[in-house]
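In what follows, a structure is listed as structure tokens, so that the remarks can point back to it.
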Amino acid sequence: IGPLVCDAFARLVTLAEASIAPKQTGGPWGAGLEAVTAAVRRASHIIVLNPDDRECIEPVMAPGSRIVALPPFIDTRTPRLAAADRPGHRAALSSRYGISPSELWIAVSAMMRFGDKLESYRVLGRTMERLRDLPLHWFVAGDGPARADVEALLGAANVTYLGAQDPRGMDRLHAAVDFAVWPAIREAFGMAMLEAQAAGASVIAGRSPGVAQIIADGETGLLTPPGDDMTMAAAIRALAKDPERQRRMGQAAMVKAEQEHDIAAAAAGIGRLLREAAS
């Protein structure tokens, strides 16, 4: 209804997160594709969070309109508060699940659904198999229709399945672990990875344009080729053996999340854009 409202008040259209997928032409989502395409053609400004969206948006944009890149954002305040009590959250998890705090803890935070998520879990399973010799413990937060498949892929040894967690539970988990891992197959950018960094956990993830926006390779985490379990396992092995690097990356991740991905910074950027559009 946005373009209709703009028409009624003779205003230009400003879009956020427009996504055009030509493969939907003539399919069950064809009407939505046509509506988004029409809106893009009329928009003066288009806010893009995922760099992958640009390729299909640019050919249909109106002359003189422009794309504005906006980093993915969250409210980083609650993850930062959780990070301030890392020892307490770690002790609580250790007591509840009987996991030794001397082991290295890794968080995996993702929904368990078929398609790309399950493919990421499949890559993760192969990665974990390469690391059986290390004293690692995996905390898997998430649930969904593919849970049985996920458990078959990952197994039960050195894995604690936490099920679906509320935001506070996710913050406590991310604050307690040593770092987080996610293969990120065809991931737009991965909000859970951003939440982990905001709580002071570095992230090892599969590289994609969106994921590379939030993880600074070698600074706040490590990026590996998508689907490459051998390289991912090597990255985990290297970070697992370097506690000082874990600490340094985790601190850098929290700073980057607060400075570049906090909702306040996003609000300020959107405010400037809307003022520009209105003028």
Checklist entry - Quick one: does D262's side chain have a donor or acceptor within less than 3.5 Å of a partner on T76's backbone? => result yes
Checklist entry - V203 and T220: side-chain contact (heavy atoms from CB on, under 4.5 Å), yes or no, with the steps? => result CA-CA 7 Å; V203 181; T220 69; over 6 Å; no
Item to check | Distance (rounded to the nearest 0.5 Å) between H89 NE2 and R168 CZ | outcome: 9.0 Å
Next on the checklist: Using a strict threshold of under 4.0 Å (side-chain N to carboxylate O), is an ion pair present between K256 and E219?
Outcome noted: no
Item to check | Any pair counted as ring pair (Phe, Tyr, Trp, His ring centres under 6.0 Å), so long as it reaches residues 177-199, sequence neighbours left out | outcome: Y121-W182
Item to check | side-chain contact (heavy atoms from CB on, under 4.5 Å) assessment of M249 paired with L222 | outcome: CA-CA 9 Å; M249 281 187 165; L222 299 170; 3.7 Å; yes
Checklist entry - For H45, what residues pass the side-chain hydrogen bond (donor to acceptor under 3.5 Å, both in side chains) criterion, not counting sequence neighbours? => result E276
Item to check | Any donor-acceptor N/O pair, E119 side chain to I185 backbone, under 3.5 Å | outcome: no
Item to check | CA sep, side-chain torsions, deciding dist, call: R42, D7, salt bridge (charged side-chain N to carboxylate O under 4.0 Å, His left out) | outcome: CA-CA 10 Å; R42 296 183 63 258; D7 283 345; 2.3 Å; yes
Item to check | Side-chain donor/acceptor of E195 to backbone N/O of P79, under 3.5 Å | outcome: no
Checklist entry - Using 4.0 Å as the upper bound for N to carboxylate O, is an ion pair formed by D217 and R207? => result yes
Next on the checklist: Does atom CZ (R11) have a neighbourhood of more than 12 heavy atoms from anything else shown, all under 6.0 Å?
Outcome noted: no
Checklist entry - Side chains of L136 and N158: closer than 4.5 Å at any heavy-atom pair? => result no
Item to check | Any donor-acceptor N/O pair, S95 side chain to A91 backbone, under 3.5 Å | outcome: no
Checklist entry - So which residues get pulled into V5's cluster when ILVMFWY side chains under 4.5 Å apart are joined, directly or through others? => result F9
Checklist entry - So, the side chain of D166 versus the backbone of G169: is there a donor-acceptor pair under 3.5 Å, distance only? => result yes
Next on the checklist: Quick check: do I214 and H261 have side-chain heavy atoms less than 4.5 Å from each other?
Outcome noted: yes
Next on the checklist: Connecting only ILVMFWY residues whose side-chain heavy atoms lie within less than 4.5 Å of each other, what is the rest of I1's hydrophobic cluster?
Outcome noted: none
Next on the checklist: Set out, in order, the CA-CA distance, both residues' side-chain angles and the distance that settles side-chain contact (heavy atoms from CB on, under 4.5 Å) for M191 and F73, then state yes or no.
Outcome noted: CA-CA 8 Å; M191 298 304 285; F73 58 91; over 6 Å; no
Next on the checklist: Testing the basics here: between L134 and A240, what is the closest heavy-atom pair and its distance to 0.1 Å?
Outcome noted: CD1-CB, 4.4 Å
Checklist entry - So with a 6.0 Å cut-off around CD of E55, is the heavy-atom count from everything else above 12? => result no
Checklist outcome for this item: For I215 and M193, the nearest pair of non-hydrogen atoms, with its separation, is CD1-SD, 4.1 Å
Next on the checklist: Looking at L49, is its backbone amide N or carbonyl O close enough to the side chain of Q213 to form a donor-acceptor pair, meaning the two atoms are under 3.5 Å apart?
Outcome noted: yes
Item to check | R237 and D133: CA distance, side-chain angles, deciding distance, salt bridge (charged side-chain N to carboxylate O under 4.0 Å, His left out) verdict | outcome: CA-CA 10 Å; R237 188 178 294 276; D133 59 304; 2.9 Å; yes
Item to check | Step-by-step salt bridge (charged side-chain N to carboxylate O under 4.0 Å, His left out) determination, K117 to E187 | outcome: CA-CA 9 Å; K117 294 293 187 189; E187 194 86 45; 2.9 Å; yes
Item to check | Any pair counted as side-chain hydrogen bond (donor to acceptor under 3.5 Å, both in side chains), so long as it reaches residues 170-180, sequence neighbours left out | outcome: T78-D171, R86-D178, R90-D178, S109-H174
Next on the checklist: Does L124 form a side-chain contact (heavy atoms from CB on, under 4.5 Å) with L153? I'd like the steps, not just the answer.
Outcome noted: CA-CA 8 Å; L124 181 64; L153 290 168; over 6 Å; no
Checklist outcome for this item: Closest non-hydrogen contact found for C56 with I20 is CB-O, 3.3 Å
Checklist entry - I106 versus I236: any side-chain heavy-atom pair under 4.5 Å? => result yes
Checklist outcome for this item: Of all heavy-atom pairs linking L194 and A257, the shortest is CD1-CB, 4.4 Å
Tell me which donor-acceptor pairs under 3.5 Å the side chains of residues 137-146 have, and how far apart each pair is, sequence neighbours excluded?
residue, atom, partner, partner atom, Å
H137, NE2, T160, OG1, 2.6
D143, OD2, R147, NH1, 3.3

Item to check | Reported CG-to-OG distance for the pair D52 and S19, which is rounded to 0.5 angstrom | outcome: 9.5 Å
Next on the checklist: Is there a side-chain contact between V48 and V68 in this structure, where contact means two heavy atoms from C-beta onward sitting under 4.5 Å apart?
Outcome noted: no
Item to check | R132, CZ atom: more than 12 neighbouring heavy atoms under 6.0 Å | outcome: yes
Next on the checklist: Please identify which of these residues, R54, E17, M61, meets the side-chain contact (heavy atoms from CB on, under 4.5 Å) condition with I46.
Outcome noted: M61
Item to check | Short N-O contact, R126 and E129, less than 4.0 angstrom | outcome: no
Checklist entry - With distance as the sole test, does S94 use its side chain to make a donor-acceptor pair with the main-chain N or O of I99 at under 3.5 Å? => result yes
